[in-house]
Visitor: 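Just passing along the structure, written as structure tokens.
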There are 4 protein chains.
Amino acid sequence: MTQKTKRHNDPALAEARRNQVLCAAADCFRRKGYHGAGMAEISKTAGMSAGHIYNYFASKEAIIESIVERDMEEMFSIFKEFADKPGDRVTVLLDGLDRGVERHTDLSQGALDLEMLAEAARNEKVANLLRESDSHARDSMRELLVGERGPLQGTALEEVNARIEVMFSVMGGLLLRKMLNPDLDINELLKALRPTMKTLLLPFE
Amino acid sequence: MTQKTKRHNDPALAEARRNQVLCAAADCFRRKGYHGAGMAEISKTAGMSAGHIYNYFASKEAIIESIVERDMEEMFSIFKEFADKPGDRVTVLLDGLDRGVERHTDLSQGALDLEMLAEAARNEKVANLLRESDSHARDSMRELLVGERGPLQGTALEEVNARIEVMFSVMGGLLLRKMLNPDLDINELLKALRPTMKTLLLPFE
Amino acid sequence: MTQKTKRHNDPALAEARRNQVLCAAADCFRRKGYHGAGMAEISKTAGMSAGHIYNYFASKEAIIESIVERDMEEMFSIFKEFADKPGDRVTVLLDGLDRGVERHTDLSQGALDLEMLAEAARNEKVANLLRESDSHARDSMRELLVGERGPLQGTALEEVNARIEVMFSVMGGLLLRKMLNPDLDINELLKALRPTMKTLLLPFE
Amino acid sequence: MTQKTKRHNDPALAEARRNQVLCAAADCFRRKGYHGAGMAEISKTAGMSAGHIYNYFASKEAIIESIVERDMEEMFSIFKEFADKPGDRVTVLLDGLDRGVERHTDLSQGALDLEMLAEAARNEKVANLLRESDSHARDSMRELLVGERGPLQGTALEEVNARIEVMFSVMGGLLLRKMLNPDLDINELLKALRPTMKTLLLPFE
DNA sequence: TATGAATGAGGCTTCATTCAT
DNA sequence: TATGAATGAAGCCTCATTCAT
């Protein structure tokens, strides 16, 4: 797995410490960016010495990679929830829109996402993790659309994929919107977003 | 201006040198990211000594700020083109979609945009420039939509603004899509994107 | 003694533990050098926690000092053997040559010796131990040469000392030879070494 | 070549700076050992900032490697001198003995040599350089012995090689002697060393 | 006695920036 | 105007050592 560090006798403690570091690092990266945040600051935020962090992570890079992995798992669980919800898929997805917008519109989370994306441009490992994550997400979404009770069951696969791309694009783009327009009114936005998504969720015409 | 540097005897030459640096830096940032590219590499790419760059830019930060400014101007001119085009606004905008997608889908340009956005999260000056640029862009778009020959002339301003946000969100999101899914098929994408945009450009229902 | 550490309730166990550490450390130093081997590795090799080692040794330096002491004792016993051997001294010494060459030609032992010598150049305590050890060795050798049955009984003391220096120099130099010329053929070497030693063991002319 | 560093416009200055660093580093290594001497100390000794050193050497390791290379060249020139001297080879070599002993008996040089040898035990590059150097030295010596005017022209090659090993061993061993016996009387030593060498330089019996 | 989590000083190296020329 | 040698602060990381348990 991703274990390249010392074995720990007390796995629970170790996991707790890893989390301490991960949270602290995420916090620092949000505020200063990956390159702007130093191990010194991270260690202070985590309430542990800089050296000790290296008992849990092989390097600063390994930290951001773990953050990415953690985010991936979070996203998996979100799609799982969708899949488990009963009722009409279109309704379920549209109902989930509010939460999705909120998530993609949270400035501090967005800053971290952006940081990871920017890092991906020059760190192949991070890029691959993100791509893998995205691929899973597209798979999940496709299953929702063309699987059982899916609204696009008869649609050509290429078209479904394209629709997913556009949907993901809107949502992903929200990361940027809030940053570029802090006055953004989320409620108003939803009024325009909902019809847009409906267009994408139902057969054209 | 953003001039914080010494006066130059030959303003034309100075401007040429500034451009040399800007292009070189943009190139390096694209390839290595803002933090990954060093002044040494930039200076080599620009064909001038590292020290000399400081006769034109106060700091490395000032360089990326100037790059942002340059990109802003580029965008202004694009919207100007739209405004100058005769004929139906919806048609004009939909016809421009291909070029827009291409622009936002170019990986190397996208890397630079991402770099600027990530930098914005921690550099207030960059953030303000980008926001100002975005504000202008929204103004221009609004004018296209509700101004003369605009398809949304009767629509409430809040709604128009919200539609713009969604439109910008899709386009901005494309930056991420190509990075997260390198196999992205742009032609297929356009087939789903066009109806989406049409939904946003015309009154609902 | 060199005891600077806490009193131990069970001296026998303590001694066993000290030996465990000494052997492990010698092993690590051979493989990685004094600076290359960390306390973590030593403790793992010794089968005991890093912290616990400090109950037996005040510091990493104290460990190498103890190793030197141990080696000294080994050498004393070797000279004792020579002294106890009956028969002609020259023959005895020449017969012991094979084993001496073997010992000084063993790469892993040589690495440790070199490590100690290099350490001596900057650790006065180590230097003194080694010098003391060498002094004893010279005394022993002198006794063999000018004492009862010694081949150089009539020779001036200064000359005897000088011969000893040269003999020790050849043997010590072997440490380097094997390292600098891994292809070194020990059997051939002995053919040239034996006449050399004979020259040094018998009156000149 | 060994160039992995920035190109320099003024090669003379660059060479001077490299030498500054090399001398300073050699000095520090002598006093504190390779691992004991930090870049900070080296840079202070060299009268230049730590960062600047990296314009001339890729790493601390590269520094010691260069020192080894420098020593190699020095040794080549010594053998060259021997080869160029007219007259009887045995006489020439025995006459050169004084200088050789002096060289191998210099404590500060010896400390550095020891440092390099110890480093060789764990740095393959250093080991290879030293071995290459030693191989050249043996070649040169062999040429002196069996070449034109050589005293061992008829002798079997294996035996010649073995004699060389023993000669080199004595000389190399002197490094250790001075360190282990600071009272060593060099003049007396020479009295015993000369007959020894003569034994090795002339056919046995 | 024994552990190993935790510390923190110090190591090597990078890089934006300055300045004499 | 232009250079690039030089600086030095700051970065990431290692490791001998300590201490609560």
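Values reported hereafter were calculated over all heavy atoms of this structure, with side chains retained and with hydrogens, waters and symmetry mates removed. Lettering of chains follows the sequences in order, A, B, ..., and the numbering in each one begins at 1.
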Visitor: Heavy atoms only, 4.0 Å cut-off, all strands: where does D:A62 land among base, sugar-phosphate and nothing?
Guide: nothing
Visitor: Mind calculating the distance between CD (B:E41) and C1' (E:dA16) to the nearest angstrom?
Guide: 14 Å
Visitor: Rounded to whole angstrom units, what separation is found between the CD1 atom of B:I53 and the C1' atom of E:dC15?
Guide: 13 Å
Visitor: In Watson-Crick or G-U wobble terms, both distances under 3.5 Å, what is the partner of F:dA6?
Guide: E:dT17
Visitor: Between F:dT3, E:dC12, E:dA2, which one does the side chain of C:H52 approach most closely?
Guide: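 Side chain of C:H52 sits closest to E:dA2.
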Visitor: Applying a 4.0 Å non-hydrogen cut-off, can you work out what B:G51 is touching in the nucleic acid: base, sugar-phosphate, or nothing?
Guide: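 Since a base atom lies under 4.0 Å of B:G51, the category is base.
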Visitor: Indicate the ring-plane relationship of C:H8 and C:Y56, choosing parallel, tilted or perpendicular according to the 30° and 60° boundaries.
Guide: parallel
Visitor: Taking any heavy-atom pair under 4.0 Å as a contact, classify A:M39: base, sugar-phosphate, or nothing.
Guide: sugar-phosphate
Visitor: Rounded to the nearest angstrom, tell me the gap between atom CD in D:E61 and atom P in E:dC12.
Guide: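 It is 12 Å, rounded to the nearest whole Å.
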Visitor: Output the rounded distance in Å from NZ (A:K60) to P (F:dG11).
Guide: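 One finds 8 Å between P of F:dG11 and NZ of A:K60, rounded.
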Visitor: Hunt down the Watson-Crick or G-U wobble partner of E:dA9, both distances under 3.5 Å, from any strand shown, or write none.
Guide: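 Paired with E:dA9, as far as the under-3.5 Å criterion goes, is F:dT14.
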Visitor: Work out which heavy atom in A:A62 is nearest to a heavy atom in A:F57; give both atom names and the distance.
Guide: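 In this case the closest contact between A:A62 and A:F57 is O-CD2, 4.1 Å.
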Visitor: Any donor-acceptor pair under 3.5 Å linking the side chain of B:T45 with the backbone of B:E41?
Guide: yes
Visitor: What is the distance, to the nearest angstrom, from the CZ atom on D:R17 to the C1' atom on F:dG4?
Guide: 12 Å
Visitor: Choose from E:dT17, E:dT7, E:dT3 the nucleotide whose nearest atom is closest to any side-chain atom of A:M48.
Guide: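 From the listed options, E:dT7 comes nearest.
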Visitor: E:dT18 C1' sits how many Å from D:N55 CG, rounded?
Guide: 14 Å
Visitor: Of the options E:dG8, E:dT13, F:dA2, whose atoms approach the side-chain atoms of A:S49 most closely?
Guide: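 The answer is E:dG8.
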Visitor: Are the side chain of B:R122 and the backbone N or O of A:K32 linked by a donor-acceptor pair below 3.5 Å?
Guide: yes
Visitor: Compare side-chain N and O positions of B:Y56 against OP1 and OP2 of F:dA2 and report whether any pair is under 4.0 Å apart.
Guide: yes
Visitor: Looking only at side-chain N and O atoms, does D:R7 come under 4.0 Å of OP1 or OP2 in F:dG4?
Guide: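 No, because none of the side-chain N or O atoms of D:R7 sits under 4.0 Å from OP1 or OP2 of F:dG4.
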Visitor: Looking at A:K60 and A:Y34, would you say the former's side chain and the latter's main chain have a donor-acceptor pair under 3.5 Å?
Guide: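 Flag set: sc A:K60 to bb A:Y34 pair under 3.5 Å.
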Visitor: Taking CD1 from D:I63 and P from E:dG11, how many angstroms apart are they, rounded to a whole number?
Guide: 14 Å
Visitor: Would you indicate which nucleotide in E:dT17, F:dT17, E:dT3 comes nearest to any side-chain atom of C:S59?
Guide: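 Side chain of C:S59 sits closest to F:dT17.
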Visitor: For A:N128 and A:E132, run side-chain hydrogen bond (donor to acceptor under 3.5 Å, both in side chains): C-alpha distance rounded to whole Å, both residues' side-chain angles, the deciding distance at 0.1 Å, then the answer.
Guide: CA-CA 6 Å; A:N128 285 333; A:E132 187 190 344; over 6 Å; no
Visitor: Could you tell me the separation between the NE2 atom of B:H35 and the C1' atom of F:dA10, rounded to a whole number of Å?
Guide: 14 Å
Visitor: Where each residue is assigned the nucleotide of DNA chain F containing its nearest heavy atom, which of B:G47 and C:A50 is assigned the position nearer the 5′ end?
Guide: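 Closer to the 5' end of DNA chain F: B:G47.
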Visitor: Can you check whether D:H8 has a side-chain N or O nearer than 4.0 Å to OP1 or OP2 of F:dA5?
Guide: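 It does, given that an N or O in the side chain of D:H8 lies less than 4.0 Å from OP1 or OP2 of F:dA5.
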Visitor: Would you indicate what B:A14 reaches in the nucleic acid, counting non-hydrogen atoms under 4.0 angstrom: base, sugar-phosphate, or nothing?
Guide: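 If one applies the 4.0 Å heavy-atom cut-off, B:A14 turns out to touch nothing in the nucleic acid.
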Visitor: Considering just the side-chain nitrogens and oxygens of A:Y54, establish if one lies under 4.0 Å of OP1 or OP2 belonging to F:dT14.
Guide: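 No, because none of the side-chain N or O atoms of A:Y54 sits under 4.0 Å from OP1 or OP2 of F:dT14.
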Visitor: Toward the 5' end of DNA chain F, which comes first, C:Y34 or D:L13, by nearest nucleotide?
Guide: D:L13
Visitor: Select one nucleotide: of F:dA6, E:dT1, E:dT13, the one nearest the side-chain heavy atoms of C:N9.
Guide: E:dT1
